[in-house]
Protein chains: 2
Amino acid sequence: MKEGPDISQTAALVGDPARANMLVALMDGRALTASELSAAAGITQQTASSHLARLEAGRFVIVRKQGRHKYFALTEPAGELLEGLFRFSAETQQKRLLGPKDPALRKARICYDHMAGDYGVQMFENLKARRFICEDGDAVDVTPSGENWLEGLGIDIGGLRKLRRPLCRSCLDWSERRSHLAGALGASLLDLLLDKGYARRMPESRVIAFTSTGERRFAELFGV
Amino acid sequence: MKEGPDISQTAALVGDPARANMLVALMDGRALTASELSAAAGITQQTASSHLARLEAGRFVIVRKQGRHKYFALTEPAGELLEGLFRFSAETQQKRLLGPKDPALRKARICYDHMAGDYGVQMFENLKARRFICEDGDAVDVTPSGENWLEGLGIDIGGLRKLRRPLCRSCLDWSERRSHLAGALGASLLDLLLDKGYARRMPESRVIAFTSTGERRFAELFGV
DNA sequence: GGAATGCTTCGATTAATATCGAACCATGAA
DNA sequence: TTCATGGTTCGATATTAATCGAAGCATTCC
């Protein structure tokens, strides 16, 4: 019914987390390739391709072809719009943009649907050290022994493998500057911690607060 | 995944057409009830209720309860954000809006319940030039002589003033980049044109099509 | 000429959510 | 009281669109 430009269409483009992640990745002004952007968003190339086509159609990005690469860069108006979105979101979600100053946030916090912060990194490195997961370049996978161990915790690796979503993914932790575990397994591990009552989400925040027994159990499971 | 405020969540709130329509309806600064907003968005009350709860949680609107009504108003940051979205969308969708694709739409179209486009702007400016309405900042009102003239057309200004809805409101026309007349009077004038058979709505479109006699009458009434 | 890399298209599946009907609650009016 | 109105909650449905696997194009490297 309304007149004027269709703002809902515009907003919907940013409203998808995958696209938003790609846009944020472009916010430093550099031009990135489609592959780099798909990695930044944690999606496959073919999914990213379709997203990027829509972002281009919506004039969020401009494309430059160079050899067999395609470089995407934010347009000027898109940058301004994203700034505005950050400003609004920072106000309404009262989160600081320049990194978690709150020690609780640095310790353990939600990153989309898995755990980030010190504990997230610790868990990831512990799993790697015990060879329950192995990292090969960008790819991360669960080893047979890891599958055993995780199923002992009640995580159905076979079931998770059937999902469209990648089982394992490494995610650069903003506060720790090291990677933590994302993907279906990352989400499942967080669910496990919450389900068992070892930790709980604090309302109106991304902080994950551990109980005292939760701290102990976490140290037993993933401690150095 | 990156840290900082979650802009995709924010954008997703505006990304739904129903919610966007409600937000746009609130952009003139008035507070509207849930029912009015559901009508503006063309959805049922129960659907609107759930949308409005989410908009409130996202700090897009603030609520004031008054009797059995609930009045919703845009927050200041939300207004700024929507402005930015309009600006971006106007720039990027300019081709579609200003292109010769659909001249009929640019000539005269429905804007919720009143007329926008070239004819809408023309009517508004004609009424102002003849001092039938006067504009004082944001406020628009009918003058005594305007009241006389409009009642001669069969529009009951006294009755319209009793409505809770503002009698006159100016609405920025996105194709003309000038204002046209909204509010109860704007709606009544459109009704008049349709009732008299001067024009009719085209199905499945916002286009208002004038008959040949309607064109003539419109020029007599509001021509330069 | 292959072979490898970067990206796209197509089809199918799945997860998310917008939507409405019906019932319900709260307030104000008769 | 009873009725009417405005708003919410719940459950079920349906549509959207995000996603991936597989296959295909295009370019560059060997």
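Just so it is clear: chains get the letters A, B, ... in the order the sequence lines come, proteins before strands, and each one is counted from 1.
- OP1 and OP2 of D:dA17 both lie 4.0 Å or more from every side-chain N or O belonging to A:His51.
- Not a single salt bridge (Lys or Arg N to Asp or Glu O under 4.0 Å) links B:Lys70 to another residue, sequence neighbours left out.
- Remark: P of D:dT15 and CD1 of B:Ile43 are 18 Å apart, rounded to the nearest angstrom.
- Residues B:Gln45 and B:Ser35 bring a donor and an acceptor atom of their side chains to less than 3.5 Å of each other.
- Legend: residues meeting side-chain contact (heavy atoms from CB on, under 4.5 Å) with B:Ser49, ordered by chain and number and at least two apart, are absent.
- When the nearest nucleotides of DNA chain D are assigned to A:Ala12 and A:Lys65 by heavy-atom distance, the more 5′-ward of the two goes with A:Ala12.
- The phosphate of D:dC20 (OP1 or OP2) has a side-chain N or O of A:Thr44 nearer than 4.0 angstrom.
- Not one N or O on the side chain of A:Asn126 forms a donor-acceptor pair closer than 3.5 Å with the backbone of A:Gln122.
- The interatomic distance linking A:Asp16 (CG) with C:dA15 (P) rounds to 16 Å, in whole Å.
- The side chain of B:Arg54 places an N or O atom within less than 4.0 Å of a non-bridging phosphate oxygen (OP1 or OP2) of C:dA18.
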Each nucleotide N or O in nucleotides 6-9 of chain C that has a protein N or O under 3.5 Å away: list the pair and distance.
{"residue": "C:dG6", "atom": "O3'", "partner": "A:Arg68", "partner atom": "O", "Å": "3.2"}
{"residue": "C:dC7", "atom": "OP1", "partner": "A:Ala34", "partner atom": "N", "Å": "3.3"}
{"residue": "C:dC7", "atom": "OP1", "partner": "A:Lys70", "partner atom": "N", "Å": "3.0"}
{"residue": "C:dC7", "atom": "OP2", "partner": "A:Ser35", "partner atom": "N", "Å": "2.9"}
{"residue": "C:dC7", "atom": "OP2", "partner": "A:Ser35", "partner atom": "OG", "Å": "2.1"}
{"residue": "C:dT8", "atom": "OP1", "partner": "A:Lys70", "partner atom": "NZ", "Å": "2.7"}
{"residue": "C:dT8", "atom": "OP2", "partner": "A:Ser49", "partner atom": "OG", "Å": "2.7"}
{"residue": "C:dT8", "atom": "O5'", "partner": "A:Ser49", "partner atom": "OG", "Å": "3.1"}

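- Between A:Gln9 atom CD and D:dT16 atom P the separation is 14 Å, expressed in whole Å.
- Take A:Tyr198 and apply the ring pair (Phe, Tyr, Trp, His ring centres under 6.0 Å) test, not counting sequence neighbours, and it matches no residue.
- By the salt bridge (Lys or Arg N to Asp or Glu O under 4.0 Å) test, A:Arg87 is found to be paired with no residue, residues two or more places apart in sequence or in another chain being considered.
- In the helix from C:dG1-D:dC30 to C:dA30-D:dT1, the rotation axis of the first five pairs and that of the last five pairs differ in direction by 20°, rounded to 10 degrees.
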Check: residues 74-81 of chain A side-chain donor-acceptor pairs under 3.5 Å, at least two apart:
{"residue": "A:Thr75", "atom": "OG1", "partner": "A:Arg59", "partner atom": "O", "Å": "2.9"}
{"residue": "A:Thr75", "atom": "OG1", "partner": "A:Phe60", "partner atom": "O", "Å": "3.4"}
{"residue": "A:Thr75", "atom": "OG1", "partner": "A:Ala78", "partner atom": "N", "Å": "3.3"}

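- With sequence neighbours left out, A:Phe210 forms a ring pair (Phe, Tyr, Trp, His ring centres under 6.0 Å) with A:Tyr119, A:Phe218.
- Scored by the salt bridge (Lys or Arg N to Asp or Glu O under 4.0 Å) test, B:Glu147 finds B:Arg161 as partners (sequence neighbours excluded).
- Rounded to whole angstrom, the span from the CG atom of B:Leu55 across to the C1' atom of D:dT8 amounts to 16 Å.
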